[in-house]
Every structure is written in C-alpha cells, then in structure tokens.
Protein chains: 2
Amino acid sequence: MTKQVKREDIIRAAMDLIAAQGFHGAPMSMIAEKAGVGVGTIYRYFENRDVLIKSIYKEIEERLVAYLTKKYPSEEPVRICFFHIAKGLVTYFTQHPMDFKYFEQFHYSPFGEAHRRNRIFKSAGQPDIFMELYERGLAQQVIKNLPPTVFFNLAFAPIVWSLRDHILEMVAIDDSLAELLVTSCWDSVKI
Amino acid sequence: MTKQVKREDIIRAAMDLIAAQGFHGAPMSMIAEKAGVGVGTIYRYFENRDVLIKSIYKEIEERLVAYLTKKYPSEEPVRICFFHIAKGLVTYFTQHPMDFKYFEQFHYSPFGEAHRRNRIFKSAGQPDIFMELYERGLAQQVIKNLPPTVFFNLAFAPIVWSLRDHILEMVAIDDSLAELLVTSCWDSVKI
DNA sequence: ATATTCTGAATGAATGTTCATTCCTAATAC
DNA sequence: GTATTAGGAATGAACATTCATTCAGAATAT
C-alpha cells in the first residue's frame, strides 16, 4: 500500500465520520479504525487533528471550485453566469452529500469561524467568479444595489438551506424544483 | 439572593459564554465562576448540562415568539404579515445579538438537529404564524407553489445570514437596507 | 430572651470518562 | 544490517457529574 493511498484512506475515513456524526463523533481512534491504520500512523501523515480537518476542507473546496469553474460561461450575461453557479452548487452537492455535510460541520465550528473572515471561495490563484459576478451585475445594472454580503446571502442562502433539507430528506429537490429555487433566488436580486 | 435570581444568574452566564465562545468555550466550571456560584450549585437548578442548554434555548424562543406575535396583523394581507415577521426578526435580533448568537450555536449542534426535525414534522402546538402565513399565501395564490421548507428558506435564510453578518460587523444593516433585504425576500416568493 | 437542634441550600474536591497526542516496539523496506 | 514506517498501549489534560461536608438561618426548647 503506497503512502498516497494510505493518506487517502485516512482522509476518506475522517471525512465520512465527521460528515455523518460531526467532529465529536469522530475521535482519532475511530478514524484510525475505519481507515484500517493505527492511531499513531495518522500522525505520520498529519501533524495533528486540526491539520487533518483543515486538509479535508481544502480538498473538498478544490473539487467544488474546479467543478464550478469548468465550463464557466464567462462571456455570457450575468444572469446566465448566475444560473451556472447556482445550478452547479445544487448539482455538485446533490451528487456529493458527504462533501456538503462536511462543509457544513466545518463552517459552523471554531474552524469555520476563523475561515469565515476571508470569504468562502477566495482561494489563492483561483479567479473569484463570485465577486466578478457581483461587480459585473452592479456595473451593468442588472442586479439591485446591495452590499456584496447581502447580495450573496440573497443569492445563495436559500440554496444552501434547501440543499441541507434535501440531504436530510426533509424535502426532495428534483430538477424542476431546483429550477424554481434558483429562479426565485435570481428574482430576489435582479432589478 | 433569591432562588429565582440565582437561576437567572446561571442562565445569563451560560448564555453569554456559549453565545460568545460556543459550547466548547463554556465548561460548567466557567459558567459557575461567571455566575458567581459553585459548580455543584448549577446542578441544584438544572438536572444536567443538556437541560441547562435546552432551557436557555426555550427562554430565548419564548421571548422571540412573544415579540413577533405582539401586534401581529393577522387580519391584514399575506404580504403585510410577511413584512411584520421579517422586519420583526431583524429588529429583535439586532437588539439582542446574544440571543441570535446563542440561537445559531444551538441550531448548528446536535441539539439543533433534533430540534429541527421535531419542529418541522410536528408543527402542532401554539398557533404557528409561520405555517399559517404559508398556507394562506398558497390558498390566495399570492406566493409561488413551493414546498413549505423551500418557501421558508427563500423567505428567511437571507435574513438570517445577513443578521449574522451584521452582528459580526461584516455589513451594517440600517433601516433602509433592512427594508431592501426584506422586500427582496418577498420578491423571491411572491407570484 | 437565649440556647439547642434541625434543615436543606451551597460548595468544590474527588471521580470516572473521553480523547488527542506521544513514544517505544514491531514490522517492513532498502 | 540499518533506516524508515506502522502500531497501539500509555499518558495526561479536559470536563461533566457526584456527594460528603459546611453553614446560615428556621424551628423548637428552656
């Protein structure tokens, strides 16, 4: 078993456990057992628990940003770009519920609190499609004149909450409901 | 010092600590110290930690519901009722940021998970102004045909997120911005 | 009025448990 | 044979909860 594979096993195990049970339901001993390694082994791959947790977050974030950025129609109107991102979020997280749950656990924890100051998707190197969308929308006067924070909240908070409800099986978001949801978000910010 | 006063001291101390630092930053010993009582004393007023935490939640919830229900214009159109609730939320939580922070901590924790399920599935109990609003809106065809969950998410998620940002001082929500925010939420659910 | 006994609220040291982390030994690679 | 990696028991820190003890004030007796 190569080093890389063992590292992946640890990440996979930790992610699944934390997504399913929260940080409390995922002690190092349990992660080790699920990954099929000794507890001490984890510390050969990650300096400590915090580093492990942040590494997992980074991996998920990279996958998500890659997904949203791929085929991003940057030349199209703001509205089209918004729909691309919003529907992309729904699709990605519907297909990767564990990623969503992990994201949520992370975000509402001391880790996320620290992370929140810098905006979510502002990873170095990546062009910030969110901010670009906001600025272009304002400049072209297709969206209301709102502070960026409030714009993002109107545009994405209902989607995130609905994804959570969908993943918790409290509502079923099919294609047509997703369309309606995303359209409604757009309705709230468009002029 | 009367019993009631001491109980209030404990609740106040626990609430402030948990709101500010999260559940982790509020061990019983610290709550006791801040309340000016012995650790054991807390257990004379609350069976255990969980009961204390849930009691605090209930007190806040009662205050909030009382605030929203007072002067509720139940005879007015759906739109007016929505604005009453939405603006009431903004006003109440702007004036009681600790209540908001506690609510948030509670909601994104194992306590909240359980609480949420109950709340949604058995909406029984007191006259639920939220559910009443949804049903009346649907019947009168003034709101889109959406599952209740998604309706609530569209209507309130951006408000909650924006309140959080306001309380964290990442955006300043004054009266006119609140008006714009609430109107935008209504725009997203109205027909 | 004063002394004595009783009561139960208040306390915080002690207990038991849960974990992250360490570190020594075993296994494996080179 | 030596160096590197894996393993998991041991360690110690953090915490919720308990419970034997204290003590102020109420009740009762003298």
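So that the names make sense, note that chain A is the first sequence line, chain B the second, and so on, each numbered from 1. The shown structure was predicted, so the numbers you read here are calculated from the model rather than taken from an experiment. Note that these values count all heavy atoms, side chains included, but never hydrogens, waters or copies made by symmetry.
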Could you tell me how far apart A:I42 (CD1) and D:dT5 (C1') are, to the nearest whole angstrom? 15 Å
For B:D9 and C:dA10, what is the distance between atoms CG and P respectively, to the nearest whole Å? 11 Å
Closest to the B:V37 side chain: D:dT17, D:dG7, C:dT11? C:dT11
OP1 or OP2 of C:dA9 sitting under 4.0 Å from any side-chain N/O of B:K6? no
Does A:R79 make a cation-pi contact with A:F83 (under 6.0 Å, within 45 degrees of the axis)? yes
Considering residues, nucleotides and ligands other than A:R136, do more than 12 of their heavy atoms fall under 6.0 Å from its CZ? yes
Spacing of B:Y45 atom OH relative to D:dT17 atom P, expressed in whole Å: 18 Å
When the aromatic ring centroids of A:Y134 and A:F82 are compared, is their separation below 6.0 Å? no
Heavy atoms from other residues, nucleotides or ligands near CD of B:Q95 exceed 12 (cutoff 6.0 Å): yes
What is the distance, rounded to the nearest whole Å, between atom CG of A:N48 and atom P of D:dA13? 17 Å
Does a donor on one side chain sit under 3.5 Å from an acceptor on the other, for B:K144 and A:S184? yes
Looking only at side-chain N and O atoms, does B:D165 offer a donor or acceptor that is under 3.5 Å from a partner on A:T149? no
Between A:R49 (CZ) and D:dA14 (C1'), how many Å, whole number? 14 Å
Could you give the CZ-to-P distance, from A:R44 to C:dT22, as a whole number of Å? 13 Å
Among residues 17-36 of chain A, which ones have heavy-atom contacts with DNA chain C below 4.0 Å? A:H24, A:P27, A:M28
Picking from D:dG8, D:dT17, D:dG7, which would you name as closest to the side chain of B:Y43? D:dT17
